[in-house]
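Here the structure comes first, spelled out in structure tokens, and everything after it is commentary.
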Amino acid sequence: MSSERCLLLRHARILLPNGEFFLGDVQITGRKIVQVAPEISASSEISGDREIDAAGLTLLPGVIDPQVHFREPGLEHKEDLFTASCACAKGGVTSFLEMPNTRPLTITQETLDDKLRRAADKCLVNYGFFIGATPENLPDLRNAQPTCGIKIFMGSAHGHLLVDHQAILEPIFAQGDRLIAVHAEDQARINQRRQEFVGITDPAIHSQIQDNQAALNATKLALLLSKKYQRRLHILHLSTAEEADLLRQDKPSWVTAEVTPQHLLLNTSAYDKIGTLAQMNPPLRSPHDNEVLWQALWDGVIDFIATDHAPHTLEEKAKGYPNSPSGMPGVETSLPLMLTQARQGRCTIAQVSHWMSTAVAEAYQIPKKGAITPGYDADLVLVDLDNYRPVLREELLTKCGWSPFEGWSLTGWPVMTIVGGQVVYERGKLNTEVRGEALKFGIA
Ligand code: DOR
């Protein structure tokens, strides 16, 4: 009899890798899925440490969120790796890729190692970290390990992490071959427009200062450099119709792009309702942009979804524009938001799972994740697609304690989240003993 922990999920509606659903059982042994079948008999071989009746629920691969800001080290008053990973577990996010704008910045092997140690100590879900580009750290960008890629802030950053001149970008694109992910906004244009609109305190001006053209300029430059050096490029949180149109006409096979749920579902009308809570970079756009982004996602011009979870405290947000920081949390609501869209006919459940798990695993070459099939990691989420519940501030686990989607009635809420074969979240309760693993990148 195997000494490994076993879990048997019974009577689930299982999403298969071909996008079809199948009513049956899933056997998990240790960290792996070992069997998917109509009915798995509980023999002594399968010691069945635990059997879970999943009748009426839908089983999906765990969400892999490829862009989050979890604030540790240095900004733990907003969020930390423990609270953020609790929020992930509740939201069905079983793996995340985190950004380097912490304090200190993640720009060396030493700072990367520090984050990995902290995550091993306190993360309930699996983790990977970007290394941030500065004008000076080319050797680190080439050699630091393990990392999902290089993050370049072409705009919307201060100090060291801002890399906004072509002369500095060129060598980063020219040297090395790991993935480059860009925050594409044209800082020079933003600076100039800030001057033009100085004194305006209505947060809606944010979308005009950091306008569509600012995003388009930077995306064009990143694309040009990627083509010049045939360099693997990923465009983070693509937000405008113009960028989507550009990629529709000209997207090399080695380029990918992502969109956030908020750029699909919110627009500039949100400033009237939630003020600076709607402020993020790149900013919310128009209803027309929403529609074009959806079309680009349906057509595969945009490859996957990220939340850009960027928590700031309510106190910080209350400072008023332009002193309020940009960013909003997202890991707890992204899956139900998108599954609600699917239930309302805007896309299919299989598409949501592809955009939020399978396509991310493919793009970042994360082995054995993003599908429910024997041999793959047992990172799973069981969701309820029949009941609707509102997003409530008092139920949120993110340390910042708010969501731009408060009051939205959503379905597809996780009932259970499993990380590496262990139940980390079940019907409102966390198992804070569970720890995720460091993600690997590159086909194993
Ligand atoms: O709005 C944003 N806030 N966008 C980003 O890309 C960074 C983030 C943050 O770290 O607060």
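Ligands are counted one by one from 1 in listed order, and the atoms in each one are counted from 1 as well.
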Among residues two or more places apart or on two chains, list those pairs meeting ring-ring contact (aromatic ring centres under 6.0 Å, His included) that have a residue in residues 76-114.
Phe70-Phe96
Excluding sequence neighbours, so at least two apart, what forms side chain to side chain donor-acceptor pair (under 3.5 Å) with Glu395?
Arg389
Residues Asp303, Lys251: salt bridge by 4.0 Å N-O rule
yes
Let me know which protein residues bring a heavy atom to under 4.0 Å of ligand 1; chain then number is fine for ordering.
His69, Arg71, Asn101, His183, His237, Met280, Asn281, Asp308, Ala310, His312, Ser326, Gly327
Identified salt bridge (charged side-chain N to carboxylate O under 4.0 Å, His left out) partner of Asp377 from the options Lys440, Lys32, Arg31
Lys32
Passing candidate, salt bridge (charged side-chain N to carboxylate O under 4.0 Å, His left out) with Glu72, options Lys122, Arg103, Lys399:
Lys122
Tell me, which pairs form a salt bridge (charged side-chain N to carboxylate O under 4.0 Å, His left out) where one or both residues lie in residues 180-191, sequence neighbours left out?
Arg189-Asp211
